[in-house]
Amino acid sequence: MAEVTMDKIISLCRRRGFIFQSSEIYGGLNGAYDYGPMGVQLKNKIRDQWWKEMTRRQENIVGLDASILMASKVWEASGHVSNFTDPMVDCKQCKSRFRADQIDLNAPCPVCGTKGSFTAPRNFNLMFETHIGADRDASSVIYLRPETAQGIYVDFRNVVASSRVKIPFGICQVGKSFRNEITTKNFIFRSCEFEQMEMQFFCKPGTDEQWFPYWREQRMKFYIERLGIIPEHLRWHQHGPDELAFYAKDAYDIQFLFPMGWQELEGVHSRTDYDLTQHSKFSGKEQNYLDPDTNERYIPYVVETSAGLTRNVLMALSDAYEEQALPDGDVRTVLHFHPEIAPVTVAVLPLVKKDGLAEYAKDLEKGLREDFDTDYDQSGAIGRRYRRQDEVGTPYCVTVDYDTLKDHTVTLRFRDSMEQVRIPESEIANTIKKANKEYRRV
Ligand code: ATP
């Protein structure tokens, strides 16, 4: 099988409207990307699967959508103002910039090959700073949030007071985060503006030891069962003592085999009562919990699941991509997305444009839009149209031909097997729904 490279994925994303470089006509802005018609569908569908998983399939989890702009004190309390830094070095020769923890400082510069050319490492805060209000002075400085989690901590008491949640319970949130990353290579893997899907699970101190393995298991299952990721492309990495945050009890990353190698996709962290304790200290308001059954008051422990949504998009694309050699010697590029996250679920294609076939097919497509994301395509040979749909990962194609006009049957084609079946048009929706439920990656 042909190798899946980042260049191939980038090229397909651009060609088929998944992802574009931001501000491309002005030379592009590093670390920022635009999601095109296909990309936004894929991203939204992954997000919807995650949201459904958290708020419906799991018990006791409620949603939140906190503001991106928050009081600066939040980031002082969380430690981001003083500690959210990466060590940065520059090559004095070619001016390339690197994260000091990602390269060997004694080796030659990876870009220009000069030896001993690095500056001393200096710490660089990753938060984007801006000002709120008309005065641009120290008192008006605020930050674009570098993670969504703090919004959840800061609203912990509001959620407890306004809903009937009882510990153990979780609060989940999806939204944009911003980090002024020093190196932004590898496409959307590490960008300055990205989206996170985070869940903070609040539990009684001590019970975190049961919840931590529970959440690890649930998160891995989500990727395999809900997003259809190949299990061999996922693995665990436990944080060693040098990686573990000082307050964390334990931390594991789910890693995915990206085209550039194994890299973090999601973190599952046992964070103790650190964040709520910090916010109690900095706000002067106790962020604790009163158990209504025992009258016990305590600061809950937190198990966090923290995933990158945009990084999930890159995973889905890399995992799905295949250049498949066909028996006739041809090669087709196909994206084997799980049908629930495919940008288009069903494409309707008239065999030819004339003799009323196009009108019939358009009508049929309109009816299917109630249930599915559809596409309609009448241009070019039917084989080429199937290939176009394969390339964006459309799991089902419906072809309308002359027999359809007579007996209202259509050809339903499956993306992965390329198998074709003849079914009455009234059965299309149910057949697709059933096939979606039974979908297994082959
Ligand atoms: P790293 O050490 O690689 O910079 P991190 O360990 O700081 O990342 P977290 O703060 O744990 O990452 O963020 C949780 C998740 O958010 C990550 O697993 C990743 O999926 C996503 N994420 C973090 N930073 C970025 C980024 N710059 N671009 C895209 N996704 C990101």
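In listed order, ligands and their atoms are each counted from 1.
- Taking the ring axis of Phe282 as reference, the NZ or CZ atom of Lys73 does not stay both within 45° of it and closer than 6.0 Å to the ring centre.
- Nearest protein heavy-atom neighbour of atom 30 (N) of ligand 1: Phe194 CD1, 3.4 Å.
- With a 4.0 Å heavy-atom cut-off, ligand 1 is reached by the backbone of Leu265 but not by any atom from C-beta on.
- The single protein non-hydrogen atom nearest to atom 14 (C) of ligand 1 is Ser306 OG, 3.0 Å, given as residue, atom name and distance.
- Residue nearest to atom 2 (O) of ligand 1, selected from Glu266, Arg99, Gln255: Arg99 (by heavy-atom distance).
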Intermediate values then yes/no, side chain to side chain donor-acceptor pair (under 3.5 Å), Gln218 and Gln58: CA-CA 9 Å; Gln218 294 300 307; Gln58 297 288 345; 2.8 Å; yes
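- Geometrically, Arg226 does not engage Tyr223 in a cation-pi contact defined by less than 6.0 Å to the ring centre and at most 45° from the axis.
- Counting protein heavy atoms only, atom 1 (P) of ligand 1 is closest to Arg190 NH1, 3.6 Å.
- Taking the six-membered ring where the residue is Trp, Phe414 and Tyr396 present perpendicular rings, their angle passing 60° and hence far from 30°.
- A salt bridge links Arg14 to Glu24: at least one charged side-chain nitrogen sits closer than 4.0 Å to a carboxylate oxygen.
- Checked for salt-bridge contact, Asp275 and Arg271 meet the test: a charged N lies under 4.0 Å from a carboxylate O.
- Distances below 4.0 Å separate heavy atoms of Phe189 from the following atoms of ligand 1: 28 (N), 29 (C), 30 (N).
- Closest protein heavy atom to atom 13 (O) of ligand 1: Gln196 NE2, 3.5 Å.
- Around atom 21 (C) of ligand 1, the closest heavy atom drawn from Gly308, Gly267, Ser191, Ser177 belongs to Gly308.
- One option in Gln102, Glu264, Arg179 has a heavy atom closer to atom 24 (N) of ligand 1 than any other, and that option is Arg179.
- When ring centroids are compared, Phe258 and Phe189 come within the 6.0 Å threshold.
- In terms of N/O distances under 3.5 Å, ligand 1 is approached by Glu181.
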